[in-house]
Amino acid sequence: MREVVLLLDLKFVRENPAAVRRAMELKKETGDLDGLLKLDQQRRDLLKEVEELKQTRNRVSKEIGKQGADSDAAQQKKEEMRVVSTKIKEFDDQLRQIDISMEHLLLSLPNIPDEVVPIGTDEEDNIEVRAWGDKPQFDFEPRAHWDVGENLQILDFPRAGKVTGSRFVVYFGAGARLERALISFMLDLHTKEHGYYEVFPPFLVNSASMTGTGQLPKFAEDAFKIEGADLYLVPTAEVPVTNLHRDEILEADQLPLYYAAYTACFRAEAGAHGRDTRGLIRQHQFNKVELVKFVLPEQSDQELEKLTRDAEKVLQLLKLPYRVMLMCSGDLGFAPAKKYDLEVWLPSADTYREISSCSNFTDFQARRAGIRYRPQQGKKAQFVHTLNGSGVAVGRTVAAILENYQQEDGSVIIPEVLRPYFNGLEKITVPENVR
RNA sequence: GGAGAGAUGGCCGAGUCCGGUCGAAGGCGCACGACUCGAAAUCGUGUGUGCCGCAAGGCACCGUGGGUUCGAAUCCCACUCUCUCCGCCA
């Protein structure tokens, strides 16, 4: 039996309750830490008793075997062991209940924020680390990307609504091409220039995978679940890719592992009613190229910096202005220890919008998913550190391109680096019938 | 969907009919040591994971979950996955 509870490293919580408590405060998370510690004590007491009983049973059963099971003495012992076994069963049942309760409590404890994370309550307290690019100057009023896209007849929201529902979109023609070009461009960049290994994972995952990366049990309502099956639509490629190595012990010299994966992503967007109702910003289904790393603990800090730079490179090559934000404790989220958001410039809204999120999960996901490495032959396996980042969200990139590259006549210049994916086409122009 | 076979340690693979001496033979791989100028070959030793415990030590794990039994890798039930053949299918 896989001891899920124990892989979460109860020891850490037991020995550092103050750190866990502070993390919960900083992240505004609620969890029953005291209840957990109490259960832990109960469990250990109970474990001691039941293991003694089991020792007795094992010993006596062996004796019965040796002296012959039909002897009188054996009959006597059998009688005694029947009682012992009943008791063991009772204790084991109690233990199982405690384990289940503890697992629930443990799974709802957030990761500990890195010490450099600024203390804060919401996005107002995030810190701008750097900004890149010059915002485009327009001598006309820049239009929102949905207007640009619909005018070009490359985005169709009404038809998506008919076919599926709200928060879906249909791409046509050059729009569909643009989406596909971006996916290819991003994958090519990360695999050829940044050393990532391409993966194409399933778009459906089981609950163990969702738990491993931290989507479950806390955020069940954010996911689309397949009715009648233990399957979820992936909210991000992070889930299938990180879980590739679930319950594995990697060799130290395999690390670091870099993966780049394209998947569609599916999010219920529960609690986002009325937000970003127009356009590509908040869809139930969107495409994303995700970067995932498995690294040595002592290297995760610098690996996050590299990962972030790798994601930034996409925007730099596309010449899209952006800024990098360091998330404050209150905006950090449940699983990361440290997180940078990349925010791209959207002229029509006169603001930056998140287009990538790069996180260091330290050993948080590794504990939940049982991902370890062996530092040295014969040494005890340790938890790896996992990181991931969008490299980057494709739908939002389309939005940014449509807005930043729009021309007064409604056409949109295709960023130079994408033109090889368009047979050299330089511009998406308004169809005749619209003009 | 139908018929059959299988799931054992890093890998291969015995053990399962006839329950106890099986945390599990043997081999490969790996580590250390010997031999060697060095290496290969050879020989020797070691080599799963987790939990409880200051320690000695103990407990659990042979796909998963239940059951029978004093005792289960071995018997029974359910489930999952893999493989082969047939059917169907992008």
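Keep in mind that what you see is a predicted model, and the values were worked out from it rather than measured.
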Is it the case that the side chain of [X] and the backbone of [Y] share a donor-acceptor pair, with hydrogens and angles ignored and the cut-off at 3.5 Å?
X        : Y        : value
A/Asn16  : A/Phe12  : yes
A/Lys192 : A/Tyr196 : no
A/Arg177 : A/Tyr421 : yes

Interatomic distance, [X] [atom1] vs [N] [atom2] [rounded to whole Å]:
X        : N     : atom1 : atom2 : result
A/Asp247 : B/U49 : CG    : P     : 14 Å
A/Glu103 : B/G50 : CD    : P     : 18 Å
A/Asp92  : B/G65 : CG    : P     : 13 Å
A/Glu15  : B/C51 : CD    : C1'   : 14 Å
A/Gln67  : B/U21 : CD    : P     : 15 Å
A/Lys11  : B/G53 : NZ    : P     : 9 Å
A/Leu95  : B/C61 : CG    : P     : 14 Å
A/Ile249 : B/C11 : CD1   : P     : 11 Å

Note: A/Gln283 and A/Val169 closest approach over all heavy atoms is OE1-N, 3.2 Å
Is a salt bridge present between [X] and [Y], judged by a nitrogen-to-oxygen distance below 4.0 Å?
X        : Y        : result
A/Glu305 : A/Lys338 : yes
A/Asp276 : A/Arg353 : yes
A/Arg82  : A/Glu79  : yes
A/Asp40  : A/Arg44  : yes
A/Arg267 : A/Glu269 : no
A/Glu25  : A/Arg21  : no

On RNA chain B, check which nucleotide each of A/Leu47 and A/Thr56 is closest to and give me the residue with the more 5' one. A/Leu47
Would you say the base of B/G58 and the side-chain of A/Gln55 have a donor-acceptor pair closer than 3.5 Å? no
Quick check on B/G50: is either OP1 or OP2 less than 4.0 Å from any side-chain nitrogen or oxygen of A/Arg372? yes
Does a side-chain N or O of A/Arg374 approach OP1 or OP2 of B/U49 to a distance below 4.0 Å, or not? yes
For nucleotides [N] and [M], find the distance between their [atom1] atoms and express it as a whole number of Å.
N     : M     : atom1 : answer
B/G65 : B/G9  : P     : 15 Å
B/G87 : B/G50 : C1'   : 46 Å
B/A60 : B/C86 : P     : 47 Å
B/C37 : B/C22 : C1'   : 47 Å
B/A41 : B/U49 : C1'   : 34 Å
B/C28 : B/C76 : P     : 35 Å
B/G13 : B/G29 : C1'   : 14 Å
B/G46 : B/G38 : P     : 26 Å

Across all chains, not counting sequence neighbours, the side-chain contact (heavy atoms from CB on, under 4.5 Å) partners of A/Ala270 are A/Glu221, A/Asp222
With a non-hydrogen cut-off below 4.0 angstrom, is A/Lys54 in contact with a base, only sugar-phosphate, or nothing? sugar-phosphate
Spell out protein contact along nucleotides 66-72 of chain B as letters: B when the base is contacted, S when just the sugar-phosphate is, - when no protein heavy atom is under 4.0 Å; keep the 5' to 3' order. S-S-BS-
Just the dot-bracket of RNA chain B, please: which string comes out with Watson-Crick or G-U pairs under 3.5 Å, [ ] for crossing, | for another strand? ((((((((.[[[..)....(.....]]]((((((.......))))))(((((....))))).[[[[[..)....]]]]])))))))....
